Amino acid sequence: MSNIATLQSLIAGRWLGQEAHMPLHSALDNQLIFHTHAEKIDFDEALGYARKTGIPQLMQLDFQKRAQRLKALALYLMERKEELYEISHLTGATRADSWVDVEGGIGTLFAYASMGSRELPSSNVLHEGPAIPLGKRGGFSGTHILVPRGGVAVHINAFNFPIWGMLEKFAPSFLAAMPCIVKPATATSYLTHATVRMMMESNLVPEGALQLVIGSTGDLLDRLGGFDAVTFTGSADTAAKLRGNPNLTRESVPFTAEADSLNAAILAPDVTPDDPEFDLFVKEVAREMTGKAGQKCTAIRRIIVPESQAQAVGERLRERLAKITIGNPKIEGVRMGALASMDQHRDVSERVEMLARGNEVLFSARDGFAPVGEGCANGAFFAPTLLLCRNALVNDAVHDIEAFGPVSTIMTYGDIDEALHLAARGKGSLVTTLATKDPAIAAHAVPVAAASHGRVLILDREASVDNTGHGSPLPQLKHGGPGRAGGGEELGGIRAVKHFLQRAAVQGSPTMLGAVTGEYVRGGAVKESDIHPFRRYFEDLEIGHSLLTHRRTVSEADIVNFGGVSGDYFYMHFDEIAAKDTQFGKRIAHGYFVLSAAAGLFVSPAPGPVLANYGLDNLRFVAPVAIGDTIRARLTCKRKVDRNRTDEQGRGQGVVAWDVQVTNQNDELVASYDILTLVQKRG
């Protein structure tokens, strides 16, 4: 026993744990591989360290710099991923299973680094605009800002994805400057432990930004305050227990749960065994049954098919399941590994026994189950098990009992509305799949399914070329679901970062709002000088630097020439008679001519700090510009984002958003937009 490593917690900047406590066993052969530690954790010390050290360290960086750290950390982990794969197989995972956990987790870091660099400012104030005028004379406005909460995030994770489960929560909370205390499920905590050690060895994680708890959370939740947050992934029962913690309720601590759910896959009535959608459906179900040995919160538990197709679906699934080799993932050809532990094996066995009552068993251990590999007879291997329920409308068990393993139940329906009713009987799920070739069925079914599912995958032949799968939460899309699924949200792009920020409404003059948000707010004070804003380097530009251009009168020749260059001969620009019958009563200039003319008014043509224009945001043509109207533009530095990048010549550069307002001779706004440019630095 002395040769068995003891896992350590990372608390207050030091690794804690020498004395062996709970034994942890390999899922493959039940051999003892690690112990948890017996030393008690001082959670008051852990929280104090996160607050006094972690928060200030993170706040020394802005959103952009934290995004850079995430990218560097992802690169560091990716270079060492094989070390994590080597440990991951002890959890019973195949290489494909581990890919989702290891590279899926690292990929989430990359994704949030990229989203952060594109969408977040180089400050610690995120403006959630636009500002709204609150008075008739333009002197009083309001807007929203998001700022770091000044608290600690406690992340409690499930056993099935020890790396991805941690990193998909760590990435957005890190961007939000919220130190994390991570508590992995004990059964597979050795893989999280290895990852955290690697992260700390990188020297990229600021002091106090990450702590690791091996074993129980003790009284940690009892010590949290209203500026902290808790996220949980695991069973619905455990989520309910944690959510009911009196201190969390008393202190109004945000609690986000992502719970296991009875996800469904629906085969629409228009699909026959001769359609590609039929094979895609069967393949997706089989993949979700066997991937990670069915230990996925998104796994398909209920297979909802037309009564006329139940036999065909059952036969095709049996054929696929019979071809899957089960055993030690290191043996070539093995496509399904083990459950995470023998405790998990016992739990799944008990639940399968309950599900089998009154239902038909179409495929199970009796169909040639023989795990391959030395010692696998002692491992936590479980045979893929397929059941058939012909009375799902009245059978509550198939909608209430989840066997968290390679277990699914086929259930039959009469029409699509009955299928949707059966799907909703799961009382809230993370995801459902609808296989159909008919857009009308999708248009009818998806809004109904969306009320009780966090994500809906429409499976057809067109999507199959890029389909990432029923069970693949993506960083760009929301992960979570209503009801039994926990009622929470994770991922979903920058939304996930905002979950860990505090939103506040701010009221004041446009000038003051601009000072707070770091963005020019229309109506606020501008800074005009003899130096054209485009002649200033990035460091020298200030929010509010502005140029009011000279005027230009629009002529008929302008419209004719622009039509010739662009090929746009729309009647409103060229047909005097037809134009008279419109709401404008006369010919008007092309909107894009107004845009081009404005650029001609404000652009400084000589080479200089402005390197490139790479886009427009929020373009609106507010009022028509007719022949004889006179326009001018105001260009104002609205927002600066220092992405800390260099060009091919090694010159630094940043991104500047310019507010552009085009007005006519009556000072009426005719066009409004933001122009985005790359601007060179002096250094």
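Hydrogens, waters and symmetry mates play no part in the numbers below; they use all other heavy atoms, side chains included. Just so we're clear, the structure is a prediction, and the values are computed from it rather than from any experiment.
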Any donor-acceptor pair under 3.5 Å linking the side-chain atoms of [Y] with those of [X]?
{"X": "Asp674", "Y": "Asn618", "result": "yes"}
{"X": "Thr433", "Y": "His470", "result": "yes"}
{"X": "Ser464", "Y": "Asn467", "result": "no"}
{"X": "Glu519", "Y": "His127", "result": "yes"}
{"X": "His453", "Y": "Asn263", "result": "no"}

Are Phe593 and His573 close enough, and set up right, to give a side-chain contact (heavy atoms from CB on, under 4.5 Å), and what steps lead you there?
-> CA-CA 11 Å; Phe593 166 76; His573 312 311; over 6 Å; no
Please lay out, stage by stage, how Val285 and Phe281 fare under the test side-chain contact (heavy atoms from CB on, under 4.5 Å).
-> CA-CA 6 Å; Val285 170; Phe281 178 82; 4.1 Å; yes
Are Phe170 and Leu70 close enough, and set up right, to give a side-chain contact (heavy atoms from CB on, under 4.5 Å), and what steps lead you there?
-> CA-CA 10 Å; Phe170 170 78; Leu70 278 186; 4.0 Å; yes
Checking the side chain of [X] only, and the main-chain atoms of [Y] only, is there a donor and an acceptor separated by less than 3.5 Å?
{"X": "Thr511", "Y": "Ala525", "answer": "yes"}
{"X": "Asp438", "Y": "Asp270", "answer": "no"}
{"X": "Arg535", "Y": "Ala606", "answer": "yes"}
{"X": "Gln309", "Y": "Val305", "answer": "no"}

Spacing of [atom1] belonging to [X] relative to [atom2] belonging to [Y], to within rounding of 0.5 Å:
{"X": "Arg634", "Y": "Glu528", "atom1": "CZ", "atom2": "CD", "result": "4.5 Å"}
{"X": "Tyr112", "Y": "Leu175", "atom1": "OH", "atom2": "CG", "result": "8.5 Å"}
{"X": "Ser117", "Y": "Gln64", "atom1": "OG", "atom2": "CD", "result": "6.0 Å"}
{"X": "Trp658", "Y": "Asn613", "atom1": "CH2", "atom2": "CG", "result": "11.5 Å"}
{"X": "Lys681", "Y": "Asp642", "atom1": "NZ", "atom2": "CG", "result": "3.5 Å"}
{"X": "Ile441", "Y": "Thr436", "atom1": "CD1", "atom2": "OG1", "result": "4.0 Å"}

Over all atoms of both residues, closest heavy-atom pair of [X] and [Y]:
{"X": "Ala445", "Y": "Ile416", "answer": "CB-CG1, 4.4 Å"}
{"X": "Ile266", "Y": "Leu420", "answer": "CD1-CD2, 4.1 Å"}
{"X": "Pro121", "Y": "Val641", "answer": "CA-CG2, 4.4 Å"}
{"X": "Leu134", "Y": "Gly142", "answer": "CD1-N, 3.5 Å"}
{"X": "Arg66", "Y": "Asn124", "answer": "NH2-OD1, 2.8 Å"}
{"X": "Leu459", "Y": "Glu284", "answer": "CD2-CB, 4.2 Å"}

Would a 4.5 Å heavy-atom cut-off, applied to side chains only, mark [X] and [Y] as touching?
{"X": "Phe538", "Y": "Gln653", "result": "no"}
{"X": "Tyr520", "Y": "Val526", "result": "yes"}
{"X": "His444", "Y": "Asp417", "result": "yes"}
{"X": "Thr636", "Y": "Arg522", "result": "no"}
{"X": "Val554", "Y": "Phe562", "result": "no"}
{"X": "Phe500", "Y": "Thr231", "result": "yes"}
{"X": "Lys478", "Y": "Arg495", "result": "no"}
{"X": "Val655", "Y": "Thr677", "result": "no"}

Taking it one step at a time, do Ile145 and Thr517 satisfy side-chain contact (heavy atoms from CB on, under 4.5 Å)?
-> CA-CA 7 Å; Ile145 60 171; Thr517 63; 3.8 Å; yes
Taking only Lys NZ, Arg NE, NH1 and NH2, and the carboxylate oxygens of Asp or Glu, determine whether Arg536 and Glu542 approach each other closer than 4.0 Å.
-> no
From Glu128, Glu119, Glu489, residue fulfilling salt bridge (Lys or Arg N to Asp or Glu O under 4.0 Å) relative to Lys498 |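 With Lys498 as partner, Glu128, Glu119, Glu489 yield a single salt bridge (Lys or Arg N to Asp or Glu O under 4.0 Å), made by Glu128.
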Give the intermediate values and the outcome of ring-ring contact (aromatic ring centres under 6.0 Å, His included) for residues Tyr592 and His590.
-> CA-CA 5 Å; Tyr592 289 102; His590 305 72; 9.2 Å; no
Please state whether the rings of His479 and Trp164 are parallel, tilted or perpendicular, taking 30° and 60° as the class boundaries.
-> perpendicular
Picking from Thr272, Asp460, Asp275, what satisfies side-chain hydrogen bond (donor to acceptor under 3.5 Å, both in side chains) with Lys437?
->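 Considering Thr272, Asp460, Asp275, a side-chain hydrogen bond (donor to acceptor under 3.5 Å, both in side chains) with Lys437 is found only for Asp275.
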